[in-house]
Amino acid sequence: MNKFYGVIGYAITEETSPGVWTEQITERNYYGDLIQNRRRLQNSSSVNDDINISNQISIVADPFAYQNFHQMRYIEFMGAKWKISEVDVKFPRLVLTIGGVYNVQEA
């Protein structure tokens, strides 16, 4: 099993001015294990196919991760930011399933 160390980005909603709420990205570092390492090409209407990975990474979670797992947006893996598509809570770990490349405009 391969080891993992990297950044996970959380979208924390904060009130920037009275009545206006925006998502601010907070990054935290975690250790874990790479459980599955898969790649798949997805046909698209553009010239090149989209690359999606269906990896699963199990991280050792801290209290912040448990309280905010629903706000996890991306994980840095292999030099890119990937969307977190699913989080499975398995105390004392969180198992993250990641998909396509994270696009900042989606947040």
Side-chain angles (χ1 to χ4, degrees):
M1 194 176 311
N2 295 327
K3 298 297 180 190
F4 167 80
Y5 176 77
V7 172
I8 294 179
Y10 295 84
I12 307 296
T13 305
E14 298 176 350
E15 189 171 17
T16 53
S17 62
V20 178
W21 294 83
T22 57
E23 288 186 344
Q24 302 294 325
I25 298 295
T26 301
E27 294 183 339
R28 295 180 65 112
N29 293 312
Y30 291 95
Y31 288 96
D33 298 311
L34 179 64
I35 298 173
Q36 291 183 359
N37 194 11
R38 298 180 184 169
R39 178 209 41 104
R40 114 185 107 113
L41 291 176
Q42 181 176 347
N43 294 333
S44 65
S45 60
S46 60
V47 175
N48 297 321
D49 291 339
D50 294 331
I51 295 175
N52 285 323
I53 59 176
S54 299
N55 293 355
Q56 285 189 331
I57 297 175
S58 172
I59 63 165
V60 179
D62 59 4
F64 182 85
Y66 281 115
Q67 293 170 358
N68 297 288
F69 72 87
H70 59 283
Q71 295 176 322
M72 289 180 173
R73 293 295 187 264
Y74 65 84
I75 186 169
E76 287 188 12
F77 179 70
M78 295 175 37
K81 293 180 180 176
W82 300 89
K83 289 186 277 190
I84 297 174
S85 58
E86 184 178 336
V87 179
D88 188 14
V89 179
K90 294 187 176 183
F91 189 81
R93 294 180 166 263
L94 295 175
V95 179
L96 312 175
T97 303
I98 54 181
V101 176
Y102 178 75
N103 186 354
V104 176
Q105 286 78 24
E106 293 175 1

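Please read all numbers here as calculations on a predicted model, not as lab measurements.
Other residues, nucleotides and ligands contribute only 12 or fewer heavy atoms inside 6.0 Å of the OH atom of Tyr31.
Interatomic distance, CD1 of Ile75 versus CD1 of Ile98, reported as 5.5 Å (0.5 Å rounding). Rounding to the nearest 0.5 angstrom, the gap separating the CZ atom in Phe4 from the CD atom in Gln56 is 14.0 Å. Within the model, atoms CD of Glu23 and OG1 of Thr16 stand 12.0 Å from one another, a figure rounded to the nearest 0.5 Å. Distance CG/Leu34 to CE/Met78: 9.5 Å, rounded to 0.5 Å.
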Apply side chain to side chain contact (heavy atoms under 4.5 Å, CB included) to Ile8 and Arg28, showing your working. CA-CA 6 Å; Ile8 294 179; Arg28 295 180 65 112; 5.8 Å; no
Under the side chain to side chain donor-acceptor pair (under 3.5 Å) criterion, do Gln24 and Thr22 qualify, and how do the steps go? CA-CA 6 Å; Gln24 302 294 325; Thr22 57; 3.1 Å; yes
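Between Leu96 and Phe69, the closest side-chain pair of non-hydrogen atoms is not below 4.5 Å. In this structure, the side chains of Asn55 and Gln36 stay at 4.5 Å or more apart for every pair of heavy atoms. With a 4.5 Å cut-off on side-chain heavy atoms, Tyr30 and Asp62 count as touching. Counting only heavy atoms from C-beta outward, the side chains of Tyr74 and Glu27 approach each other to under 4.5 Å.
The residue from Leu94, Asn29, Val87, Asp33 that alone fulfils the side chain to side chain contact (heavy atoms under 4.5 Å, CB included) condition with Ile59 is Leu94.
Of all non-hydrogen atoms in Lys83 and Val101, the two that sit nearest each other are CE-O, 3.8 Å. When all heavy atoms of Ser58 and Ile35 are compared, the closest pair comes out as CB-CD1, 3.4 Å. For the residue pair Tyr66 and Ala61, the shortest heavy atom distance occurs at CE1-CB, 3.6 Å. Considering all non-hydrogen atoms of both residues, Gly99 and Ser85 come closest at N-OG, 4.3 Å. Shortest non-hydrogen contact noted between Met72 and Tyr10 is CE-OH, 3.3 Å. The minimum heavy-atom distance linking Gly32 with Arg93 is given by the pair CA-NH1, 4.2 Å.
At least one donor-acceptor pair under 3.5 Å links the side chain of Trp82 to the backbone N or O of Phe77.
Transitive grouping of hydrophobic side chains (ILVMFWY, heavy atoms separated by less than 4.5 Å) keeps Ile84 and Val60 in distinct clusters. With hydrophobic clusters built from ILVMFWY side chains whose heavy atoms lie under 4.5 angstrom apart, Val7 does not share a cluster with Phe64.
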